[in-house]
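Worksheet for the structure shown next.
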Amino acid sequence: MSTPSTKTATSMSPDSTSGAYNPKEVEAKWTKEWFDKEVFDLDIIPDRPVFSCALPPPNITGNLHMGHALNGTLQDVLIRLKRMQGYSVLWQPGTDHAGISTQMVVERKLKQEKINRRDLGREKFIEKVWEWRKQYGDTIMQQYRRLGVSFSWDRIAFTMDESYVKAIYRAFCILYKEGYIYRGNRICNWCPRCLTSLSDLEVEHEDTKGHLYLIKYPLTEGEGSLTVATTRPETLLGDVAVAVHPADDRYKQYVGKMVKLPLTNREIPVIADNYVEREFGTGCLKITPAHDANDWEVGQRHNLSAPIVIDSEGKLCANEFVPERFHGKDRFVVRKEAVAELEEAGLMVEIKDYEHGVGHCERCHTVIEPYLSDQWYCSMKELAEPAIKVVEEERIKFVPERYAATYLDWMKNIRDWNISRQLWWGHRIPVWTCENEHVDAYETAPEQCSKCDSKTLTQDEDVLDTWFSSALWPFATLGWPEETREFKVFYPTTILSTAREIINLWVARMIFTSLKFVKTIPFKEVLIHPVIQTPDGKRMSKSKGNAVDPLDMIEKYGADANRFWFASVGIKGDQDVRFREDRLDEYKRFANKLWNAGRFVLSQLEGYTPAPIDPQTLTLADRWILHRFNTMLKNVGHAYNEYDFHDATREIYDFTWDHYCDWYIEIAKIQMAKPELKEQTQRVLHNIFEGLMRAMHPTAPFITDELWSRTPKSELFDNYDSIMFAPYPRDDERFFNEQSDAEMGLIMKVIRSVRNIRQTFNVPASSEVEVIVQAENADEKKLLEANVDYVKRLAKAGKVDFELSTLPPRSAWDKVGSIRVAIPLGSTIDIEKTREKLKQQLAATEKELAKQAQIIGNLDFAKKAPPEKVQIIKDQIAELEHKKNSIIEQLKMLD
RNA sequence: GGACAGUUGGCGCAGUUGGUAGCGCACCACUUUGACAUAGUGGGGGUCACUGGUUCGAAUCCAGUACUGUCCACCA
């Protein structure tokens, strides 16, 4: 914002823009311009309203996908809009270290170099990850540039920045000292490939075709047996009981007896527990506390042991519970072998096909193994309470509102959060244990135990769940716990825009952490945008190869066209949107249209000095387009207030193409030819175009900056170096003029009528015709006479006759309300064709008449409908009758 | 199993308080007129998923059904 504005743009030759818009060139030029001038860097302007938001930090392993591009565009539209509206804006960008993902990517890379993480050791490995991050970690930020997003680029944050890490450890220690964080030994979700635990939300349940195995457990005494049902027969080695429902008459007598565990010699008891569903399977449930979360609960209730038979890598353990032949074998291999053995032994009663949900690791898609281990947990119930309240009381609003329910459902049934991960890449849990077994949390590496003299302390091996750090994103990026200026000015942030799939994973956690640590909400509104699916309604995924790369689309259609489409998708419509490339083509053509409109307007401004419009001296068309323009501005402003991007986009698109280009520019050509109207027309043409560029800039920053820079501007804009800092246009009530809309509407209808007749009767486009207009209404007649030039030019009429009371024979005509528009065709008329056309019209009119007659014929309608509605129908009938008679008359004339 | 969405011309979608269905693409015809053929002009095409109900009147309100999609959920 430092260089003076270039008023010389006024004199820019219109020839320098060619016919076709070239997005690539313009985007490259302005990207460079913007970054060279550092226009995006944070600039806190005192005494201004504030608008701020934090970009959901993409993973450093990520590439820009459709979701990023959509969300980025929506936020950028708001940021650019607010900036132009005079707000002090902050859009905090940054990236997430993404524990599991990044570790996976780097491990895979090392594997290609034949290096194993373990051989390397923790420290060396982390060094490798940092190297990787240096090289590739900013890829996605570079990709965002192509979209034209106006982040506060000088403030890119990373969840492993020094100040960010401080925030994490501060947060952890507060929770720890207040007793929210605790160590628990229980069943957790375990990924045998990543070798780490996962939170419930990181497990994807997929319906999988499997089997339900019915296995016989013989009683130790007597002949009988109990048959249990399981989907995972290999886990029976860890069984410690068979449970039945206490009220199940079939099995009551067996409770307390012992059964023999197949494949082993162990004997286990039959117990009774309410958890068992009598209707499911056989009503007998095998209890494997170490390998099933529910069984663990049952085991706890009955004081049962929990033998571990599957290890962290998903292999059978080499211990006394597992027969030697299975030692070290993979769980799925053992499943097959166990099934075979059971069949052999005659203990397999039945194998049923069975479809059920199986948990998979979100990152590597390995089947999750419920695993008994020590993990760090965050106690959630109490922390959730205020977070529920702020949403219930609408201090934080979801847009669309329905997503508040998603959030509240989750929060009200919250379970404790497993925050530890057995990874190397991440924030190491800041808990140290001294040689005297004193455990405590420290914000920085301790020199000495907090509880004794010991100076020998060891830190916990685990790292924090990535989401623990992202939960602090909105305030940690602003410097919390330091009271930085940015923090004071911009926090709480105004909005958060994100995808619905992370409402619980991320949004919920930001809310409760902010309430806990900052004592305030993190943002006022949460915008949830739709998910972009493939054209056939499937989820886009890189691994399935059906994902569309937004960078390819930007390359092909231009960033502005893509942004226009994203904005048109908005957040208020469907919760899923199918990707369609032809939509991008539509907006690409729109950009081209705009470009050419700009070329035309700029070419018409010779000798023109920018000046405001005088509402007093305008023509009908001028008044009309100004009315339309200001109506559009009003609607757009309203739409943005409601976050209705779709509506705003449509308003701009329709105004630009239909009203401004298709009608006003054509009319302007007529007016420009008249010396007395030239300057005024230039003024209207220019003022609207210039304002339109500003109105459109938040959605299409590149093309508008380019065109605006070439557009002459009044001194009012001298201080604005770029359109992005110019004020956003507001509607001016002086230009609202409903009458012009009605009047212009009539003229347009007459023009359309003439065009219609011409084409229906094959009048060559090159020939000028004589048009007869018979207007019964004096005002309408006067209006049409006054604006006859528009009709002449736009309908290609050589002469327009308003006085002829009877039509010459062989005239073709149409009606506009009570006005008859006719073209005498004389010898050129095709009688048969005309007759056929008239008969078609007659049939249509009669059909319509019958429909209306039916409505009016309904006695209840006359009685109960509001009088004005009844009158409307009556008027319509009268008009249709009139039309019908005219057609009949016309047909007679042909004979 | 629960919840939330969607179902309107070939395709993608608009339709704010119920009052004769609109847009873009595609399609047909005409037009290279000095902003734009990535264009202009005109035109054809829909009983608004289905079934009931409320109402003088329903794409619009209510109930149910079907299909599609998403999220949540510890039934082996």
Side-chain angles (χ1 to χ4, degrees), chain A residues 14 17 19-21 187 200-201 205 212-213 228-232 235 243 275-277 279-288 292-297 354 356-357 359 370 400 402-403 405-406 409-410 413 415 500-501 503-504 530-531 533 535 537-539 568-569 573-580 582-583 585-604 646-647 650 653-654 657-658 661-662 665-666 669 752 755-760 762-766 794-796 848 851-852 855 858-866 868-870 872-873 876:
Chain A
T17 53
Y21 176 56
I187 298 271
D200 295 336
L201 288 169
H205 289 272
L212 188 64
Y213 302 89
V228 303
T230 181
T231 54
R232 307 176 59 211
T235 63
Y275 168 70
V276 181
E277 292 280 342
E279 288 74 29
F280 190 90
T282 57
C284 296
L285 173 65
K286 65 195 250 340
I287 301 297
T288 323
D292 183 280
N294 297 307
D295 292 5
W296 169 255
E297 307 267 320
Y354 186 62
H356 63 305
R402 61 173 180 273
Y403 292 114
T406 303
D409 280 354
W410 167 259
N413 297 299
R415 298 164 67 194
R500 66 172 180 279
E501 63 182 4
I503 289 175
N504 300 327
V531 171
Q533 301 177 325
K538 299 278 182 321
R539 190 180 183 79
S568 80
V569 161
D574 294 353
Q575 60 183 10
D576 302 308
V577 169
R578 295 179 181 197
F579 175 78
R580 287 287 309 243
D582 54 8
R583 299 298 309 275
D585 194 49
E586 183 187 338
Y587 290 115
K588 182 191 173 193
R589 292 205 311 275
F590 180 60
N592 192 61
K593 185 77 182 172
L594 186 70
W595 183 253
N596 281 293
R599 279 208 313 148
F600 174 76
V601 172
L602 297 182
S603 74
Q604 298 301 309
H646 174 270
D647 222 33
R650 216 199 60 235
Y653 184 99
D654 290 350
W657 204 310
D658 299 345
C661 290
D662 284 352
I665 285 185
E666 292 309 316
K669 289 174 186 169
R752 287 201 175 106
R755 287 170 173 169
N756 184 319
I757 297 167
R758 293 183 66 113
Q759 298 220 10
T760 305
N762 292 333
V763 179
S766 51
L794 298 179
K796 233 179 172 214
E848 196 57 41
K851 216 160 143 188
Q852 301 293 345
I855 295 174
N858 184 336
L859 291 179
D860 285 332
F861 175 73
K863 230 185 291 167
K864 294 183 184 174
E868 64 269 21
K869 299 287 181 191
V870 178
I872 288 172
I873 301 286
Q876 279 170 354

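Chain letters run A, B, ... following the sequence lines, proteins first and then strands; every chain starts at 1.
Going from atom NE2 of H646(A) over to atom CZ of R650(A) covers 6.5 Å, rounded to the nearest 0.5 Å. Rounded to the nearest 0.5 Å, atoms CH2 (W657(A)) and CG (L594(A)) are 10.0 Å apart. Taken from OG1 in T406(A) to CZ in R500(A), the straight-line distance is 8.5 Å, to the nearest 0.5 Å. To the nearest 0.5 Å, atoms CZ (R589(A)) and CG (D582(A)) are separated by 9.0 Å. One finds the CD1 atom of I287(A) at 9.0 Å from the CG atom of N294(A) (value rounded to the nearest 0.5 Å).
Where Y354(A) and H205(A) each meet RNA chain B at their nearest nucleotide, the meeting point lying more 5' is that of H205(A). If G283(A) and D409(A) are placed on RNA chain B by their nearest nucleotide, the residue sitting closer to the 5' end is D409(A).
With ring centers used as reference points, Y587(A) lies under 6.0 Å from Y653(A).
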Do nucleotides 24-39 of chain B as a string where each nucleotide becomes B, S or -: B if the base has a protein heavy atom under 4.0 Å, S if just the sugar-phosphate does, - if no protein is that close.
SS---B-----BB-BS

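Remark: the separation of the P atoms in rG24(B) and rG18(B) is 28 Å, to the nearest Å. Nucleotides rG15(B) and rU60(B) place their C1' atoms 9 Å apart, quoted to the nearest Å.
R758(A) comes within contact range of no nucleotide atom at all, as no heavy-atom separation falls under 4.0 Å. Nucleic acid contact class of P866(A) (heavy atoms, under 4.0 Å, all strands): base. Looking at heavy-atom distances under 4.0 Å, R539(A) makes contact with sugar-phosphate atoms alone, never a base. If you check every strand for non-hydrogen atoms under 4.0 Å, N294(A) touches a base. Using a 4.0 Å heavy-atom distance criterion, Y587(A) is classed as making no nucleic acid contact.
Phosphate contact (OP1/OP2 of rC74(B), side-chain N/O of R415(A), threshold under 4.0 Å): present.
In this entry the distance linking CG of D654(A) with P of rG15(B) reads 13 Å, nearest Å. Distance I757(A) CD1 to rU41(B) C1': 14 Å, rounded to the nearest Å. In this entry the distance linking CG of N413(A) with C1' of rA73(B) reads 9 Å, nearest Å. Computed from coordinates, the R752(A) CZ to rU41(B) C1' distance equals 11 Å when rounded to whole Å. Straight-line distance from the CZ atom of R755(A) to the C1' atom of rG43(B): 14 Å, rounded to whole Å. Protein atom CZ of R500(A) is 10 Å distant from nucleotide atom P of rC72(B), rounded to whole Å. Following rounding to the nearest Å, D647(A) (CG) and rC23(B) (C1') show an atom-to-atom distance of 13 Å. Taking atom NE2 of H356(A) as the reference point, atom C1' of rC75(B) lies 11 Å away to the nearest angstrom.
Under the 30°/60° scheme for interplanar angles, the aromatic rings of W595(A) and Y21(A) are found to be tilted.
Checking T288(A) against D292(A) by side-chain atom types alone, no donor-acceptor pair falls below 3.5 Å.
Between rG69(B), rA73(B), rA76(B), one nucleotide has an atom nearer to the side chain of T231(A) than all others, and that is rA76(B). When each of rA5(B), rG42(B), rC74(B) is scored by its nearest atom to the side-chain atoms of Q575(A), the top-ranked nucleotide is rA5(B).
A donor-acceptor pair under 3.5 Å links the side-chain atoms of N596(A) to the main chain of N592(A), judged by distance alone. With hydrogens and angles disregarded, a donor-acceptor distance shorter than 3.5 Å links the side chain of R758(A) to the backbone of K796(A).
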Structure string for RNA chain B in dot-bracket form, Watson-Crick and G-U at under 3.5 Å, | interchain
(((((((..((((.....[..)))).(((((.......))))).....(((((..]....))))))))))))....

